[in-house]
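Below is one structure, written out as structure tokens; comments come after it.
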Amino acid sequence: MTSPLPNTETPVPGDLSDRGNPHHGTWGSDSIAACLRALRVPYLALNPGASYRGLHDSLVNHLGNAAPQMLLCLHEENAVAIAHGYAKTSGRMMGAIVHSNVGLMHATMAVFNAWCDRAPVLLLGATGPWDAARRRPWIDWIHTAADQGALVRDYTKWDNQPGSIPAAVEALLRASQIAQTAPRGPVYVNLDAALQEQKTDGLATIPDVARYAAPVAPPPAAAEIARAATLLDGAKNPVILFGRMSRNVDDWQRRVALAEKLQARVVTDLKTGATFPTAHPQFVGPPGNFMAPAACAALRDADVVLLLDWVDPGGAFKQAVMNNAGGKTVGAKVIHVSLDSHSHRGWSMDSGSLPPADVFMLCEPDAAVAALLDAVKAQPAKAWPARTPLAPAPDDDIVSIRALADTLADVAKGQDLCLARLPLGWNGAYRDFSHPLDYLGADGGGGVGAGPGNAIGTALALRDMQVARPTVAIIGDGDFLMGNTAVWTAVHYGIPLLLIVCNNHSFFNDELHQERVAKERGRPVENKWIGQRMSDPDIDVAQMARSMGAEGLGPVRRKQDLAAAITQGLALVRAGKVCVIDANVAPGYDANMSGSPVASQKR
């Protein structure tokens, strides 16, 4: 059980002295709540709604708002985003509850993010009484849907609407098991309002949940490890692409050991969290949402490529060819390690492009790393070229993402931080990662608005993991403005974090898209800003944060003022506060930014 958060709402104990009172007893939702506790769901992020008022009462008055504890959110998308951030940081499933069809429709983008990020989230919902005779006029009718799970069925692993309390218990057991079975992902259980509110003779039997735990993913087949080892042992220019990997330090160290034993070059990206030390001499980068030219060149020169659950694996080879003026293709043998094909569907194309594979292992990537580490032969040490340093920063007083990155590095030198999010204009060379908690990756689905919620989930997870790392999220103004009400939840429950908003007063990536289209069509590029700029009036991001109880600093408009703001922000976070810095960055991207303005659609 996790320790209570600050400002946890403590229920008043109920009066059970009159045992003859017909209102005393147990209710259907009490058994559902008891099952959630048995499953050790730590928190339930939620936005209230009458469709699950029965469960809400049970969480408060039957469980005492503990194990799981409710986290009140001001928008359903934030609730799911917090659960997503918690899971991707800790590897532990958290819950979220959304009200009826309307709440689920609000939450869909966050569910899609968790799906694409392969994060285990237990999503609970409810519907108005399925028995039409029990529906209240008007409101219960518009909040009842014939197949509510269909709203998210194409991007959840499983959904169910149980028809009895024993069935609800089994549905929760199955949902927990499926969500946490690799490849992981969100699940949805829809609870009939009437079912929750029916009186029962006692609590339903909750079985030993350990007997319904998620299975351990199967180890790689010995024959496939032997085939892969033979390819790697004979390789002169092996390349490893580390994709979705664990946050476990032992797994991290095995990855380093395998790369060194093979003398392989290593590529990572910013879509997933830190998986390999970016200052290592074998690392090829910098990491980004798209591969850097050096990484593309390494792929073209490779004779064996080890793909470890890489996001869009076939796309890596296409990028390598697209970024090649000499017309050279990728002719390497490919070892593909992933369970992701079990999640691929027809509706969403998040599977990415289909890669070729000479060896295909259906197992978790870190399990393959451990097996290969024992199976391959140590190769003679190579002399690796020195990394090309970043060009000196401009000697000006302009607030840019580069200036922000340099200032953060100076101010926090020697301190361990957890970067929960980075903005699109971030160059992967701005900061090195040396630990799996140094950086936690993007939102999964490439939408906008998940940043604040994901960061809060990360900060909450680090608290429960007893990891003394301040959570810092560097996000765009569009991301903040869509998800900013999550700040209230962080303040209310005392979840400290620092949000640095790169505020260029525009959906700037789309300005670059419009510029490209205008050039292709011979039209004036001067119009690219129309329908993109958030100005006249400028939005006071810091004031928005202060209105929700956070410390709001800025707007910071001069580079020379960044150090004081970030120093103060980190001090506030270490004191248990939530701080938002409004950094008024100049529009524009580094030449080696993390996302291509042409290829990306993210704002």
Side-chain angles (χ1 to χ4, degrees), residues 1-11 29 32-49 52 55-99 103 107 110-111 113-114 117 119-126 172 175-176 179-180 184 186-189 191 209 247 420 440 450 452-467 471 483 485-497 576 578:
M1 183 183 297
T2 57
S3 59
L5 289 164
N7 298 329
T8 295
E9 300 93 337
T10 303
S29 56
I32 295 168
C35 187
L36 292 169
R37 172 172 284 178
L39 287 168
R40 301 182 66 83
V41 176
Y43 306 100
L44 291 167
L46 55 86
N47 185 264
Y52 70 89
L55 178 59
H56 194 127
D57 171 80
S58 296
L59 293 169
V60 173
N61 292 312
H62 182 64
L63 297 188
N65 192 26
Q69 178 186 342
M70 295 192 298
L71 301 179
L72 178 60
C73 299
L74 307 185
H75 195 287
E76 290 88 351
E77 191 170 345
N78 289 335
V80 178
I82 290 171
H84 174 189
Y86 190 93
K88 73 187 299 178
T89 306
S90 66
R92 184 180 178 190
M93 183 187 71
M94 186 182 138
I97 314 180
V98 297
H99 163 50
V111 178
N113 280 332
D117 211 24
V121 172
L122 176 61
L123 182 62
L124 301 179
L172 291 175
S176 174
Q180 298 179 89
R184 297 161 188 84
V187 292
Y188 176 63
V189 177
L191 301 166
V209 297
R247 302 294 97 211
L440 292 176
N454 283 175
I456 292 165
T458 289
L460 181 59
L462 293 180
R463 168 199 181 268
D464 289 353
M465 295 160 65
Q466 299 183 338
V467 174
T471 298
T485 58
V487 168
W488 180 88
T489 299
V491 173
H492 181 72
Y493 293 103
I495 305 170
L497 80 155
V578 178

Do [X] and [Y] have side-chain atoms, one donor and one acceptor, less than 3.5 Å apart?
| X | Y | answer |
| --- | --- | --- |
| T471 | T458 | no |
| D57 | Y52 | no |
| N47 | H99 | no |

Is the backbone of [Y] close enough, under 3.5 Å, to the side chain of [X] for a donor and an acceptor to pair up by distance?
| X | Y | answer |
| --- | --- | --- |
| R184 | A87 | no |
| Y493 | W488 | no |
| K88 | L440 | yes |
| R463 | I495 | no |
| T489 | L72 | yes |
| N7 | H492 | yes |
| Q69 | N65 | no |

Looking at [atom1] of [X] and [atom2] of [Y], how far apart are the two atoms once the value is rounded to the nearest 0.5 Å?
| X | Y | atom1 | atom2 | value |
| --- | --- | --- | --- | --- |
| C73 | I82 | SG | CD1 | 4.0 Å |
| L460 | M465 | CG | CE | 11.5 Å |
| L46 | E76 | CG | CD | 9.5 Å |
| I97 | L124 | CD1 | CG | 5.5 Å |

(message) For a side-chain contact (heavy atoms from CB on, under 4.5 Å) check, start with the C-alpha distance between N113 and H84, then their side-chain angles and the critical distance, and finish with the verdict.
(response) CA-CA 8 Å; N113 280 332; H84 174 189; 4.0 Å; yes

Nearest heavy-atom pair of [X] and [Y]: which atoms, and what distance?
| X | Y | value |
| --- | --- | --- |
| L59 | P68 | CD2-CG, 4.2 Å |
| R37 | L63 | NH2-O, 2.8 Å |
| A461 | S90 | CB-CB, 4.0 Å |
| I456 | A486 | CD1-O, 2.9 Å |
| V189 | A175 | CG2-CB, 3.7 Å |
| S29 | S58 | OG-OG, 2.6 Å |

(message) Is any side-chain heavy atom of E9 closer than 4.5 Å to one of M70?
(response)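 Answer no - side chains too far apart.
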
(request) Take N454 and Y86, measure what side chain to side chain donor-acceptor pair (under 3.5 Å) needs, and give me the verdict at the end. (result) CA-CA 7 Å; N454 283 175; Y86 190 93; over 6 Å; no

(request) Determine, step by step, whether E77 and V111 satisfy the side-chain contact (heavy atoms from CB on, under 4.5 Å) criterion, reporting the C-alpha distance in whole Å, the side-chain angles of both residues, the deciding distance to 0.1 Å, and the verdict. (result) CA-CA 8 Å; E77 191 170 345; V111 178; over 6 Å; no

(message) Using the rule given for side-chain contact (heavy atoms from CB on, under 4.5 Å), can you reason through V98 versus L123, listing the C-alpha separation, both sets of side-chain angles and the distance that settles it, and then say yes or no?
(response) CA-CA 8 Å; V98 297; L123 182 62; 4.0 Å; yes

(request) Before giving the answer on side-chain contact (heavy atoms from CB on, under 4.5 Å), spell out for L122 and S176 the whole-Å C-alpha distance, their side-chain angles and the decisive distance to 0.1 Å. (result) CA-CA 7 Å; L122 176 61; S176 174; 5.6 Å; no

(request) Kindly state each residue pair satisfying ring-ring contact (aromatic ring centres under 6.0 Å, His included) with at least one member in residues 55-79, sequence neighbours excluded. (result) H75-H106

